[in-house]
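In what follows, a structure is listed as structure tokens, so that the remarks can point back to it.
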Amino acid sequence: MPIRCILHWQPSQGTMVNSQILNEISQCVESLNGVKEGRCKASLTFYRPNLRDPSTAIDFPRDFLGISMLEQPNKYYFIIRGQKIVLEADYSILTIMEKLQSYKSKVALHFEGALYKLGDFQIRVIKVVPNQAESLRGIMIEIEYLPISSVEKSKHIMEDFIDLWKEVVSKKSLAGQFVHTEPNYAEYGLSDNYTSQHTAVQYAAALAQLIQSSQPRN
């Protein structure tokens, strides 16, 4: 699977994300001769244990994340952040969870946007919106390098492209910047060969950073 990097938009102090910034970022991709090739979508759900007996709380993870991706319609990914565990399951696991009622959904977020092709790269311009709401909570960029699936071998190529991307965005003089935090995949038991589990871990890490940076600051 091609390597990916996810960057989140960090607003400047005292500012918040808005649709104007999202439009300007899309223009940046088009200025690099990016050709729109379709839509992209993923969903992330926070789960908490549905405890009937509080004394059993120690037997359950305090919370975990569930992630679905448009390009993997038959798969569902779980991330238990405290224990650094990532699991890939069949999508039907959601039916089983619903019947067992062992965990309940607390918050759901949708990652929606446009997919652009730029030579050997693909860029997804993503807006983060809560379930059943249109309010924009965050902006992410997903950069995919198609020829290579090795995290280590693609590192310098991705770093160079991210630097180029940040330079293009900086010319817009927007109130903020893109930030990339590479997760430690080895902590999750993942190898150098990139998989959808790597993407799931990146979504979780980028979302945590996005939530932290999107809080209004004075």
Checking side chain to side chain contact (heavy atoms under 4.5 Å, CB included) for the pair E98/L94: CA distance, chi angles, key distance, verdict?
CA-CA 6 Å; E98 191 175 330; L94 294 181; over 6 Å; no
Just how far is it from atom [atom1] of [X] to atom [atom2] of [Y], taken to the nearest 0.5 Å?
X: S43; Y: L70; atom1: OG; atom2: CG; value: 9.5 Å
X: K75; Y: I67; atom1: NZ; atom2: CD1; value: 15.5 Å
X: I139; Y: N18; atom1: CD1; atom2: CG; value: 7.0 Å
X: T15; Y: Q10; atom1: OG1; atom2: CD; value: 9.5 Å
X: W9; Y: I25; atom1: CH2; atom2: CD1; value: 5.0 Å
X: M69; Y: L44; atom1: CE; atom2: CG; value: 9.5 Å

On the 0 to 90° scale, with breaks at 30° and 60°, tag the W165-F178 ring pair as parallel, tilted or perpendicular.
tilted
H198 and Y194 aromatic ring geometry - parallel, tilted or perpendicular at 30°/60° bounds
tilted
Please report the closest heavy-atom contact between [X] and [Y], naming both atoms and the distance.
X: S26; Y: V125; answer: OG-CG1, 3.7 Å
X: L7; Y: K166; answer: CD2-CE, 4.3 Å
X: L136; Y: S19; answer: CD2-N, 3.8 Å
X: I79; Y: A200; answer: CD1-O, 3.1 Å
X: T195; Y: M1; answer: C-SD, 3.6 Å
X: S150; Y: D192; answer: OG-OD2, 2.5 Å

Below 4.5 Å, heavy atoms only, C-beta onward: do [X] and [Y] meet side chain to side chain?
X: R39; Y: R124; answer: no
X: Y116; Y: Q122; answer: no
X: E182; Y: C5; answer: yes
X: L207; Y: M140; answer: yes
X: Y185; Y: Q197; answer: no
X: V29; Y: L118; answer: yes
X: S196; Y: Q72; answer: yes
X: I3; Y: S149; answer: no

Using the salt bridge (charged side-chain N to carboxylate O under 4.0 Å, His left out) rule, take E71 and R4 through it: C-alpha gap first, then chi angles, then the decisive distance, then the call.
CA-CA 14 Å; E71 67 266 29; R4 295 187 188 185; 2.7 Å; yes
Quick test of your reading: applying ring-ring contact (aromatic ring centres under 6.0 Å, His included), list the pairs with at least one residue in residues 121-148, sequence neighbours left out, ordered by first then second residue.
F121-Y145, F121-F161
Pair E24 + K172, salt bridge at N-O below 4.0 Å
yes
Assess whether a salt bridge exists between E30 and K117, defined as any Lys/Arg side-chain N lying under 4.0 Å from an Asp/Glu carboxylate O.
no
More than 12 foreign heavy atoms under 6.0 Å from CD of Q27: is that the case here?
yes
When you look at S68 and Y77, which way does the side chain to side chain contact (heavy atoms under 4.5 Å, CB included) test go after all the steps?
CA-CA 6 Å; S68 65; Y77 299 88; over 6 Å; no
Modelled atom types, side-chain donor and acceptor of Q83 and Y188, under 3.5 Å:
no
Flag for N193-S191: side-chain donor and acceptor within less than 3.5 Å:
no
When you group the ILVMFWY residues by side-chain heavy-atom contacts below 4.5 Å and let the links chain together, are [Y] and [X] in the same group?
X: V107; Y: L65; answer: yes
X: L164; Y: I143; answer: yes
X: V151; Y: Y203; answer: yes
X: I85; Y: F78; answer: yes
X: V129; Y: I6; answer: no

Pairs meeting criterion salt bridge (charged side-chain N to carboxylate O under 4.0 Å, His left out) with involvement of residues 150-162, two or more places apart
none
N131/H110 under side chain to side chain contact (heavy atoms under 4.5 Å, CB included): CA gap, chis, key distance, verdict
CA-CA 6 Å; N131 192 27; H110 297 301; 3.1 Å; yes
Would F64 and F46 count as a ring pair (Phe, Tyr, Trp, His ring centres under 6.0 Å) here? Give the steps.
CA-CA 6 Å; F64 64 83; F46 292 84; over 10 Å; no
